[in-house]
Amino acid sequence: MSGPPASASHRWGSARQSRALPHTPPRDALHLPSLDGIRALSFLVVFAAHAGLDRVIPGGFGVTVFFFLSGYLITTLLRMENDAKGTVSLRQFYLRRALRILPPFYVVLALAALAARLGLIAGGVRALALLAQALHLANYWIVRFGYDGQPRGTGVYWSLAVEEHFYLVFPCLYLVLHRFRRAPRAQAMALYAMCAAVLAWRCWLVFGLGSAMERTYVASDTRVDSILFGCGLALFGNPALDGASRFSEAVWKRLLLPAGALVLLATFVLRDPGFRETFRYSLQGVGLVPVFVVALRYPGWGPCRVLNLRAMSFLGVLSYPLYLSHHVLLGALGTPPGALRAGLALALSIGVAWAIHEAVEKPCARLRRRLSGRAGALPVGLGSALAEARGP
């Protein structure tokens with residue numbers, strides 16, 4: 001998650017020229033409409049919840065969407081690299097991800113810790129808590145010790161820990177699946193079986209062991225299915241790579257999308273704690289599938305148009321530094337919550353995110369492209385697309 005022209009999720013062609021994507025997109029580049037808009041919308045959901053609307057805005061759902069999107073995009077790019085080269089370079093994958101994720105991650109963490117030390121934001125800082133965040137163990141620190149000791153506003157780092165744990169092993173898992181289960185459907189079914197296993201594990205933790213909410217909400221072993229659902233869509237039924245769908249446009253828009261929306265609505269309405277910490281994440285993964293398919297296949301259709309507005313694209317490009325920094329800035333502005341505080345925090349967050357984008361992300365993107373160019377193994381367009389794969 002450098003600049004808008006190079007974003008992996010900018011329009012593929014023009015939504016105004018065609019209401020649906022071509023049946024067989026070219027494999028030498030990846031320009032997916034709607035994804036930056038989905039990023040922007042997800043961030044705004046998280047921001048609104050943190051700004052004081054958490055009783056009516058499901059902020060956690062925004063993170064779940066980020067997880068799904070990340071799994072879908074990165075697995076799509078792995079497929080493209082594998083199709084182009086016959087394999088996936090693990091060295092290049094980890095190098096690209098490190099240069100994409102780590103610099104903004106550590107910049108915001110260091111600035112937040114410094115602000116806490118100087119008393120600019122409330123709350124203390126514990127060295128071990130800070131070290132856990134720096135080592136991508138923030139989520140398991142929260143499970144064991146809570147949020148105490150972390151710079152105020154950096155609690156969102158738990159989701160980055162989930163992603164880093166997942167992507168430490170997923171490229172290898174993808175290569176194993178490709179070798180032993182060559183049919184895309186079989187590969188996707190294997191991932192969905194893993195989702196079912198994660199659900200069973202959550203149920204055991206909640207109903208069998210009585211685990212606290214933090215155990216199932218932030219731990220990698222209980223949340224990776226939100227990423228896996230996106231990976232499954234990328235492997236089978238991928239709206240960007242797999243050509244014509246088995247279902248017609250009318251079925252997607254009039255039946256499957258409303259059904260997915262109803263499933264998602266049910267996960268917001270049902271408030272039982274046991275349901276919310278077990279089945280909620282699984283049902284949201286199922287419900288997001290038609291949302292993503294319709295958003296990607298029909299970017300010029302009605303509700304999807306808002307996702308491709310220039311403002312949404314701009315926020316989507318900045319979504320990663322926005323996500324990292326917004327809660328810190330909300331904390332720095334203090335209480336009570338209100339529209340003025342939220343508006344000021346959003347404006348400051350956009351300014352800080354833009355500065356990080358220009359001063360940190362763009363130079364790292366140039367370095368990624370230079371290193372990918374030296375590798376010389378990727379077709380034109382694919383190297384930059386892979387470099388743009390991003391999480392929250």
Side-chain angles (χ1 to χ4, degrees), residues 1 39-40 42-54 57 59-60 62-63 66 100-142 145-164 214 217-218 314-361 364 390-392:
M1 300 187 223
R39 283 192 188 94
S42 299
F43 163 72
L44 291 173
V45 168
V46 173
F47 178 86
H50 286 161
L53 297 177
D54 51 301
I57 301 293
V63 179
F66 275 134
R100 175 66 192 95
I101 297 298
L102 298 185
F105 179 100
Y106 288 121
V107 165
V108 173
L109 183 61
L111 292 176
L114 178 61
R117 283 292 186 185
L118 295 176
L120 300 178
I121 54 177
V125 179
R126 291 175 58 185
L128 286 179
L130 195 63
L131 181 63
Q133 289 179 301
L135 297 178
H136 304 290
L137 296 171
N139 55 344
Y140 287 105
W141 175 273
I142 293 169
F145 302 106
Y147 292 90
D148 291 342
Q150 299 179 349
R152 184 176 179 181
T154 60
V156 297
Y157 273 49
W158 72 264
S159 62
L160 276 298
V162 173
E163 287 212 4
E164 292 311 292
E214 285 79 7
Y217 181 65
V218 305
F314 175 74
L315 288 180
V317 169
L318 298 181
S319 59
Y320 181 46
L322 277 171
Y323 181 78
L324 291 175
S325 62
H326 78 279
H327 210 190
V328 177
L329 293 168
L330 280 167
L333 292 175
T335 56
L340 179 61
R341 171 177 173 263
L344 181 57
L346 181 59
L348 288 173
S349 297
I350 293 173
V352 169
W354 181 83
I356 293 173
H357 177 67
E358 292 292 323
V360 179
E361 290 193 303
C364 289
R390 46 188 164 217

Distance, nearest 0.5 Å, that separates [atom1] of [X] from [atom2] of [Y]:
X      : Y      : atom1 : atom2 : result
His327 : Ser349 : NE2   : OG    : 10.5 Å
Ile142 : Asp148 : CD1   : CG    : 10.5 Å
Phe47  : Ile57  : CZ    : CD1   : 12.0 Å
Leu346 : Leu44  : CG    : CG    : 7.0 Å
Trp158 : Glu214 : CH2   : CD    : 11.0 Å
Ile101 : Cys364 : CD1   : SG    : 11.0 Å

Under 3.5 Å donor-acceptor, [X] side chain and [Y] backbone:
X      : Y      : value
Gln150 : Gln133 : no
Tyr140 : Ala132 : no
Tyr323 : Phe43  : no

Give me the atom names and distance for the closest heavy-atom approach of [X] to [Y].
X      : Y      : answer
Leu137 : Ala161 : N-CB, 4.5 Å
Gly316 : Ala40  : N-CB, 3.7 Å
Ser42  : Gly62  : CB-O, 3.7 Å
Thr154 : Val328 : CG2-CG2, 3.9 Å
Arg39  : Ser319 : CD-OG, 3.3 Å
Phe314 : Ile350 : CE2-CG2, 4.0 Å

Please list, one pair per line, the donor and acceptor atoms closer than 3.5 Å that link side chains of residues 116-130 to other protein atoms, with sequence neighbours excluded.
none

For the residue pair [X] and [Y], establish whether any side-chain heavy-atom pair is separated by less than 4.5 Å.
X      : Y      : answer
Pro104 : Tyr320 : yes
Leu329 : Leu333 : no
Asn139 : Tyr217 : no

### Task
Show your working on side-chain contact (heavy atoms from CB on, under 4.5 Å) between Val107 and Leu324 and close with a plain yes or no.
CA-CA 10 Å; Val107 165; Leu324 291 175; over 6 Å; no
### Query
Using 30° and 60° as the class limits, which term best fits the ring planes of His50 and His326: parallel, tilted or perpendicular?
parallel
